[in-house]
Amino acid sequence: MQPTLAAGTELAISLALPVTTDATGFAALGFTRVRGVRTVGDMAEQWQTSVTNLANRSYPHVAKTWPSAIQQDIDLLQVDDAGQALLMQAFGQRGPAAFRLAQPAGGFWFTALVTSRAIGGRSPDALLARRFTLVLTAPPIEIA
């Protein structure tokens with residue numbers, strides 16, 4: 001998944017889930033903007049694979065099995081922000097949160113588990129850097 005620069009990108013979070021997982025359900029939620037977004041991953045679909053090492057083959061046999069959950073990596077500058085505080089709360093809860101990702105070319109509503117958070121890294125601004133991984137729990141809905 002190739003990260004894209006977040007110029008013009010807005011990420012927003014709601015700890016409440018939509019009553020229905022359609023545009024109407026998501027539009028009814030109150031979202032809080034997450035400030036400090038630097039990069040976001042692509043909304044890329046992919047497949048799980050099965051690898052079998054067969055005798056007399058020079059390379060393992062690889063087959064697609066079933067669709068994989070979509071994963072989003074969000075890189076942030078750590079700032080004192082209500083949206084980042086909600087991301088931290090979502091990381092600590094067992095269930096998913098609702099998100100709105102708006103970009104200049106379009107956007108998505110989705111529900112996701114916040115499965116990892118990382119602080120620091122190797123960049124010059126590492127002390128201010130933070131990364132969250134979101135794993136979607138349902139297919140994303142394009143914002144019209």
With no hydrogens and no angle check, is any side-chain donor or acceptor of [X] less than 3.5 Å from a backbone partner on [Y]?
{"X": "R33", "Y": "R35", "value": "no"}
{"X": "Q103", "Y": "A105", "value": "no"}
{"X": "Q84", "Y": "L87", "value": "no"}

TODO: I would like to know whether R131 and I74 meet side-chain contact (heavy atoms from CB on, under 4.5 Å); could you show each step before the answer?
DONE: CA-CA 6 Å; R131 171 177 279 184; I74 310 292; over 6 Å; no
Kindly indicate whether the side chain of [X], heavy atoms from C-beta on, has any atom under 4.5 Å from the side chain of [Y].
{"X": "F132", "Y": "L76", "answer": "yes"}
{"X": "M88", "Y": "R130", "answer": "yes"}
{"X": "L11", "Y": "F99", "answer": "yes"}
{"X": "V51", "Y": "H61", "answer": "no"}
{"X": "I70", "Y": "V135", "answer": "no"}

message: Tell me the closest heavy-atom pair linking A90 and L15, and the distance in Å.
response: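 Result for this residue pair: CB-CD2, 3.9 Å.
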| said: Tell me the closest heavy-atom pair linking L17 and A97, and the distance in Å. | reply: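 For L17 versus A97, the nearest heavy atoms are CD2-C, 3.8 Å.
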Quiz item: Is it the case that R100 places NZ or CZ above or below the six-membered ring of F31, under 6.0 angstrom from the centre and within 45 degrees of the axis?
Solution: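 Checked: cation-pi criterion met.
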Q. Shared ILVMFWY cluster between L29 and L113, side chains joined below 4.5 angstrom?
A.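 In one cluster with L29: L113, no.
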Check: Shared ILVMFWY cluster between W109 and V34, side chains joined below 4.5 angstrom?
Finding: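 No, no single cluster joins them.
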Measuring from T32:OG1 to I13:CD1, what's the distance to the nearest 0.5 Å?
->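 One gets 8.0 Å once the value is rounded to the nearest 0.5 Å.
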Would you compute the distance between atom CG of L86 and atom CZ of F91 and round it to the nearest 0.5 angstrom?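 One finds 15.5 Å between CG of L86 and CZ of F91.
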query: Do Q72 and V40 pass the side-chain contact (heavy atoms from CB on, under 4.5 Å) test, and can you show the C-alpha distance, the side-chain angles, and the key distance before you say yes or no?
result: CA-CA 7 Å; Q72 279 283 332; V40 296; 4.1 Å; yes
Would you sort out whether I141 and F110 count as a side-chain contact (heavy atoms from CB on, under 4.5 Å), showing the intermediate values? CA-CA 6 Å; I141 297 170; F110 57 92; over 6 Å; no
Give every residue pair that meets the side chain to side chain donor-acceptor pair (under 3.5 Å) criterion with at least one member in residues 133-142, sequence neighbours excluded.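 Sorted result for residues 133-142: D73-T133, T111-T137, S116-T133.
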Under 3.5 Å, is there a donor-acceptor pair linking the side chains of T65 and Q48?
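Their side chains do not contain a donor-acceptor pair, so the 3.5 Å distance test is not met.
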